[in-house]
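Worksheet for the structure shown next.
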Amino acid sequence: MKKFLSILMAAAMLLSVCALTACGGSEEPAPTDDTAESDAVFTTVNPGKLTMSTNAAFPPYEMTTDSGDFEGIDVEIAGAIAEKLGLELQVDDMDFDAALTAAQEGKSDMVMAGVTVTEDRMLVMDFSDSYAEGVQVVIVKEGSDIATIDDLEGKMIGTQRGTTGNIYCTDDYGEEHITSYDNGITAVQALMNGQVDCVVIDKAPAQSFVAANPGLLILDTEYAVENYAIGLGKGNTALLEAINAALAELTEDGTIQAIVDKYISAE
């Protein structure tokens, strides 16, 4: 009897505790959609690092210093993003096509190399919000008979392999009139050597190449205007959202504009 009474008292105490603490696993409310979004955690290829694939022959966006370090607009913006995310920036230099592929295949976290968003690229990559404007221009030798975009018909055009300049020119003038190079520097050297009649490339690096090579000039007419964005592997949503949030903060506080102004003077 005493044992039976003890069991009844224990059960009563348990019921009292359950009434106060909501037994049955409902101590915490079910997470809302907003809570689920805030709990999203991104991962990176290398723990503690934000790995950026690039082609460091694209001044002033990415280039190599005499000491072998990397600098430029993209490099500094990537560094600022990494700092916002509590990570260390790692830059992997390679050909432009390989830089795109590295992000697509998850060998890098992102690609920054003056990358323009195109329909074809959107099929295999996700993109951040735009952070800079790119303009495609035409470099020619002084005294060239190419004076406007209309004069490109029938000419041999040098471009950087895999870039939008390469894509646009191939579509407009045919593959037989395009010579592709691994980087812009090599394309400009080909122009200097008379191997091509002109080079189509982004305006900012074009200005650097012309400044470093007397006898070259940029046509006044712009070939195309586009926006640069950061490319990531398809479906890497958590990291994409984190990068976009960092970009928004860096834009709001003037960091991105200050970086651009550091390398590109106002015209």
Side-chain angles (χ1 to χ4, degrees), residues 49-85 87-103 108-117 125 127-137 139 159-166 181-189 199-213 216 218 225-232 243 246-247 249-251 253-267:
K49 295 184 178 181
L50 183 65
T51 303
M52 162 188 166
S53 54
T54 192
N55 174 232
F58 192 69
Y61 285 90
E62 35 269 314
M63 46 206 171
T64 307
T65 66
D66 293 337
S67 61
D69 295 326
F70 300 105
E71 65 178 1
I73 294 171
D74 284 348
V75 177
E76 290 204 23
I77 291 176
I81 292 172
E83 185 176 352
K84 286 280 186 185
L85 302 185
L87 301 170
E88 175 189 350
L89 178 65
Q90 176 177 316
V91 179
D92 290 347
D93 183 25
M94 58 194 75
D95 290 343
F96 183 78
D97 274 349
L100 293 174
T101 302
S108 71
D109 297 307
M110 62 183 193
V111 53
M112 292 182 73
V115 179
T116 304
V117 181
M125 303 176 70
F127 287 93
S128 72
D129 297 330
S130 176
Y131 63 89
E133 182 181 79
V135 177
Q136 295 285 324
V137 298
I139 305 175
T159 65
Q160 182 176 351
R161 185 176 291 105
T163 63
T164 50
N166 176 270
Y181 299 92
D182 289 338
N183 53 59
I185 295 172
T186 308
V188 170
Q189 289 173 341
V199 170
V200 173
I201 197 167
D202 297 65
K203 184 177 182 179
Q207 291 173 325
S208 297
F209 295 145
V210 168
N213 295 280
L216 299 181
I218 299 172
V225 179
E226 51 201 12
N227 292 308
Y228 294 153
I230 300 170
L232 295 87
I243 287 174
L247 277 175
E249 292 178 12
L250 294 168
T251 300
D253 66 18
T255 298
I256 289 181
Q257 189 60 53
I259 292 172
V260 172
D261 291 344
K262 175 180 175 181
Y263 291 93
I264 302 177
S265 59
E267 295 181 349

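Both backbone and side-chain heavy atoms feed into the values below; hydrogens, waters and symmetry mates do not.
The two atoms that bring Ala187 and Val199 nearest to each other are O-CG2, 3.4 Å, heavy atoms only. When all heavy atoms of Gly165 and Thr159 are compared, the closest pair comes out as O-CG2, 4.0 Å. Considering every non-hydrogen atom in both Leu87 and Lys49, the closest pair reads CD2-N, 4.0 Å. Ala80 and Thr255 make their closest contact through CB-CG2, 4.5 Å (heavy atoms, listed as atom of the first residue, atom of the second, distance). Across all their heavy atoms, Ile81 and Ala246 have their closest contact at CG2-CB, 4.1 Å.
Contact of the Glu226 side chain with the Thr164 side chain is registered, since non-hydrogen atoms from C-beta on lie closer than 4.5 Å. With contacts defined as side-chain heavy-atom distances shorter than 4.5 Å, the pair Met112/Tyr131 qualifies. Ile264 is listed as a side-chain neighbour of Ile73, based on a closest heavy-atom distance under 4.5 Å. The shortest distance between side-chain heavy atoms of Thr101 and Met94 does not fall below 4.5 Å. In this structure, the side chains of Ile230 and Leu247 come closer than 4.5 Å at one or more pairs of heavy atoms. Met125 places none of its side-chain heavy atoms less than 4.5 Å from the side chain of Val115.
Ser53 places a side-chain N or O within 3.5 Å of a backbone atom of Ala99 that can act as its donor or acceptor partner. Side-chain atoms of Asn183 come within 3.5 Å of backbone N or O of Ile185 as a donor-acceptor pair. Remark: the backbone N or O of Phe209 is paired with a side-chain donor or acceptor of Asn213 at under 3.5 angstrom. A distance-only check finds no donor-acceptor pair linking the side chain of Asn227 to the backbone of Val117 [under 3.5 Å].
At a cut-off of 3.5 Å, with distance as the only test, a side-chain donor of Gln136 or Asp202 sits close to an acceptor on the other residue. A donor-acceptor contact closer than 3.5 angstrom links the side chains of Glu76 and Tyr263.
With rounding to the nearest 0.5 Å, the separation of CG in Leu250 from CD1 in Ile256 is 5.0 Å. Atom CD1 of residue Ile201 and atom OH of residue Tyr181 lie 12.0 Å apart, to the nearest 0.5 angstrom. Expressed to the nearest 0.5 Å, how far CD of Glu71 lies from NZ of Lys262 amounts to 7.5 Å.
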Exercise for review: Please assess Glu62 against Asn55 for the test side chain to side chain contact (heavy atoms under 4.5 Å, CB included), listing each intermediate value before the final yes or no.
Suggested key: CA-CA 7 Å; Glu62 35 269 314; Asn55 174 232; 5.8 Å; no

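With sequence neighbours excluded, no residue satisfies side-chain contact (heavy atoms from CB on, under 4.5 Å) with Glu83.
Ring pair Tyr228/Tyr61 is perpendicular by interplanar angle, where above 60° counts as perpendicular and below 30° as parallel.
Partner Phe70 forms a side-chain contact (heavy atoms from CB on, under 4.5 Å) with one of Asp92, Thr54, Asp93 and no other, that one being Asp93.
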